[in-house]
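Below, read A as the first sequence line, B as the second, and so on, with proteins coming before strands; counting in each chain starts at 1. Just the heavy atoms: all of them, side chains too, but no hydrogens, waters or symmetry mates, feed the values below.
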Amino acid sequence: MGRQPADHSGNDGSVCQNRPLYGIILSVYQIRIFCERIIRTSGSDPRKQDGTVMNHDHVRTRFAPSPTGFMHVGNLRTALYEYLIARSAGGRFILRIEDTDQKRQVEGALQRIFQTLADVGLQHDEGPDVGGPYAPYVQSERLSLYPEYAQQLIDSGHAYRCFCSQERLENLRREQEASGQVGGGYDRRCRDLSPADIETRLAAGTPFVIRQKMPLTGQTTFTDAVFGQITVENSELEDQVLLKSDGYPTYNFANVIDDHTMAITHVVRGSEYLSSTPKYNLLYSAFGWQPPVYVHLPLIVGDDGRKLSKRHGAVSFSDLTAEGYLPEAIINYIALLGWSPPDNRELFTLEALCEHFSVNRISKSPSVFDYQKLAWFNGEYIRQMTPDTFLRFSEPWFSQVCGPLAPEPARLLAELLQPRVSRLSDIPDMIHFLAEAAPIDPELYVNKKSKSTLETTRQILPLALARLEALEHWTRDDLHALLTGMAEAMSVKNGQIMWPVRIAIARQAVTPGGAIEVLLLLGQEESLKRIRAVCRFLQSLPQAE
RNA sequence: GGCCCUAUAGUCAAGCGGUCAAGACGCCGCCCUCUCAAGGCGGAAACAGGAGUUCGAUUCUCCUUAGGGUCACCA
């Protein structure tokens, strides 16, 4: 038990000398890798009866995004589950940046990743910004590692140099397509080159990649923590590229090396990796390493059943927050996309998730991202806020319509909005009428439930106007007394008074708050102005019989 | 197309041989009510199809069908 420091690299900084190609990209790293000895239960099923993951003391998961400047909710959910698996087992959550594709670098992407994780509260224990015992945590800074391991594989007969040009590969693919077969894969021409052949090409400086030598027969089986046992024929496996001609590792290779050297115990990722996992396992066994526990997650799809992408709407964390969704709501919602608790609970803080999460309740079937349900969660979180908190969150949204408000009206507005808002971004539309009076629409004064008609309005509104003009204190209580007093005096329902007044000042059927609230928000001057305009308008109308 | 995976209401989902097949979102209705919300109550709505195993299949097995994923010097 416990940690056993072990020098895994054997790297004395001289690796590059015999291989000029790598010399360019290598700086001298003295890497000492401490590897935890991972003790596993003997059974092939990594799940325990109670659904907890094993190795409570040593669980290490990693989130390994590539810096594309875009945090897809699918990735975010993966990060979340990785975090939860680690935390619920008292383990560690690591952030690693996978930037081996030089063509896809995006400026500021790293910051975006840090910020997003911070916003949602997924705090990592090790990573490029916080360091850790397995540094560096950025693949482009670990470049010296990969050729070393690739060479090891060549030496042991599990990999080979492939000198085929990209052109030849393209032609090959085109021919395969022409003959009707899709995805025929590399034809393994360089798999059995003679040593002399290889020497000649190396001497000539022919660029090469290093490919994994897949077994031609037999089958490979692995057990996934959610999908169970999966077996594929080795003949289906392509001799995939491990090291590109520029000396960079492919994702597939770097992943295995990094996960192992960083002592990652649980590899959590989307199910799109399911079919390439056997290749990973073959790599592990080629090195003689213990493969990690695999936890493949069902896909998050759009309402058309395909992988969620931009054409489905807002799919990145920043898109979602820009639309007024709260980080807590997003986390809560995506936690439930593909996982469910044993009871019917739906509202979970991150902390609660840590407590209740278990990998054996992760489902296998893909789930549709439902914006309506997200909005419901968002509304729940909004309603849970204290009035002050909600005021702070909503103020920027309503002041963009109303301008800066005095404390009292701002508090009132927030109070009215809080139970009615599901996304903060809905606020401007809801209160636009406060800033600008819409044209008068006589039809709006007709409402059956309030027993309001054009005729009653024509009678009542001028009366109400007169009284409101005379009102000394424009307060909730006085307005209420005035309006309900009128109804009582006239022996009509409150609605028959309230309706025309509210419509006259709001000019729309639906408003947050009733007549009194809208009167308060608008203030005496503006309210009277709008009512007068309506009275004038009604008088200009031809009298009904 | 090969390989892999998946299949309970529109959506998320519980179920792990015997249930009137939960719950939530959404939808509809009622209550509350000065509109709309919020809140309360109620309603409609599902085991893809076919064989087999079994006294008994939503549940186990097989086939079919339908969806999805994957087949790069991308991650």
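- At A75(B), one or more side-chain N or O atoms of Thr100(A) fall inside 4.0 Å of OP1 or OP2 (strictly under the cut-off).
- Closest to the side chain of Trp376(A), out of C34(B), A75(B), A24(B), is A24(B).
- For Arg502(A), the listed nucleotide lying nearest its side chain is U35(B); candidates were U35(B), C34(B), G69(B).
- Rounded to an integer number of Å, the gap from Gln240(A) CD to C73(B) P is 10 Å.
- At a cut-off of 3.5 angstrom, the base of A72(B) holds no donor-acceptor pair with the side chain of Tyr251(A).
- Both distances falling under 3.5 Å, in either a Watson-Crick or a G-U wobble arrangement, place G1(B) opposite C71(B).
- Within 4.0 Å (heavy atoms only), Gln166(A) reaches at least one base atom of the nucleic acid.
- Across all their heavy atoms, Gln176(A) and Gly185(A) have their closest contact at NE2-O, 3.0 Å.
- The phosphate of A22(B) (OP1 or OP2) has no side-chain N or O of Arg345(A) nearer than 4.0 angstrom.
- Picking from C25(B), A24(B), A72(B) the nucleotide with the shortest atom distance to the side chain of Gln372(A) gives C25(B).
- Look at the P atom in both G29(B) and A37(B): the space between them is 11 Å, to the nearest Å.
- Remark on RNA chain B: of its neighbouring residues Ala64(A) and Trp339(A), the 5'-side contact belongs to Trp339(A), judged by nearest-heavy-atom nucleotide.
- In this pair, Tyr371(A) and Phe369(A) present their aromatic rings perpendicular. The plane angle is above 60°, beyond the 30 to 60° band.
- In this structure, Arg211(A) reaches the sugar-phosphate backbone alone: every heavy-atom distance under 4.0 Å involves primed, P, OP1 or OP2 atoms, never a base.
- At A75(B), none of the side-chain N or O atoms of Thr250(A) fall inside 4.0 Å of OP1 or OP2 (strictly under the cut-off).
- No engagement by Leu483(A) is indicated, since no non-hydrogen atom pair under 4.0 Å with the nucleic acid exists.
- Nucleotides C31(B) and A21(B) have their C1' atoms positioned 30 Å apart, rounded to a whole Å.
- Among the protein residues, Lys307(A) comes within range of the sugar-phosphate backbone only, with heavy atoms under 4.0 Å from sugar or phosphate atoms but none that close to a base.
- Summarising the geometry, the separation between CD1 on Ile300(A) and P on C5(B) is reported as 22 Å, rounded to the nearest angstrom.
- Nucleic acid contact for Tyr333(A): none, since no nucleic acid atom lies under 4.0 Å from a heavy atom of the residue.
- There is no side-chain donor-acceptor pair under 3.5 Å between Thr475(A) and Asp477(A).
- Across all strands, Thr511(A) comes closer than 4.0 Å to base atoms (heavy-atom distances).
- For the OP1/OP2 pair of A13(B) and a distance below 4.0 Å, the side-chain nitrogens and oxygens of Ser367(A) include at least one atom meeting the criterion.
- Residue Val368(A) is in sugar-phosphate contact alone, with no base atom involved, counting any heavy-atom pair closer than 4.0 Å across all strands shown.
- Of the charged side-chain nitrogens involved, none lies within less than 4.0 Å of a carboxylate oxygen, so that Glu82(A) and Arg269(A) do not count as a salt-bridged pair.
- For Asn344(A), no side-chain nitrogen or oxygen approaches OP1 or OP2 of G23(B) to under 4.0 Å.
- Both distances falling under 3.5 Å, in either a Watson-Crick or a G-U wobble arrangement, place G39(B) opposite C31(B).
- Here Arg173(A) reaches the OP1 or OP2 of C73(B): one of its side-chain N or O atoms lies under 4.0 Å away.
- The pairing partner recorded for G23(B) is C12(B), the criterion being a Watson-Crick or G-U wobble arrangement whose two distances lie under 3.5 angstrom.
- Side-chain atoms of Ser450(A) and base atoms of C34(B) include no donor and acceptor less than 3.5 Å apart.
- The gap from the C1' atom of U53(B) to that of A57(B) amounts to 10 Å, rounded to the nearest Å.
- Salt-bridge check for Arg168(A) with Asp187(A): passed, with a basic side-chain N closer than 4.0 Å to an acidic carboxylate O.
- The base-pairing partner of U65(B), taking Watson-Crick or G-U wobble contacts with both distances under 3.5 Å, is A7(B).
- If you check every strand for non-hydrogen atoms under 4.0 Å, Thr484(A) touches nothing.
- Distance noted for atom P between G43(B) and A48(B): 25 Å (whole Å).
- In this structure, Phe253(A) places its CZ atom 13 Å from P of A75(B), rounding to the nearest Å.
- If you look at Phe357(A) and Tyr81(A), their ring centroids are closer than 6.0 Å.
- Distances shorter than 4.0 Å separate none of the side-chain N or O atoms of Ser271(A) from OP1 or OP2 on G69(B).
- Remark: the separation of the C1' atoms in G17(B) and C47(B) is 15 Å, to the nearest Å.
- If you check every strand for non-hydrogen atoms under 4.0 Å, Gly513(A) touches a base.
- Judged by distance alone, the side chains of Ser422(A) and Asn378(A) never bring a donor and an acceptor atom under 3.5 Å apart.
- Contact between the side-chain N/O atoms of Lys493(A) and the OP1/OP2 oxygens of U33(B) is not found at any separation under 4.0 Å.
- Shown are Tyr333(A), Trp339(A), Tyr381(A); of these, the ring-ring contact (aromatic ring centres under 6.0 Å, His included) with Phe348(A) is made only by Trp339(A).
- The listed nucleotides are G68(B), C73(B), U35(B); the one nearest the side chain of Arg420(A) is U35(B).
- Atom P of G15(B) sits at a distance of 26 Å from the matching atom of G56(B), rounded to the whole Å.
- Comparing atom distances between the Ile230(A) side chain and each of C4(B), C73(B), U6(B) picks out C4(B) as nearest.
- Going from atom CG of Asp303(A) over to atom P of G26(B) covers 17 Å, rounded to whole Å.
- For A7(B), its base never sits under 3.5 Å from the side chain of Lys364(A) at any donor and acceptor pair.
- Considering Arg188(A), Lys279(A), Arg211(A) as possible partners of Asp239(A), the one that fulfils the salt bridge (Lys or Arg N to Asp or Glu O under 4.0 Å) test is Arg188(A).
- Taking the nucleotide of RNA chain B with the nearest heavy atom to each of Lys373(A) and Tyr280(A), the more 5' of the two is matched to Lys373(A).
- Separating the CG atom of Leu243(A) from the C1' atom of A72(B) is a distance of 15 Å, rounded to the nearest angstrom.
- In this structure, Leu337(A) places its CG atom 12 Å from P of A14(B), rounding to the nearest Å.
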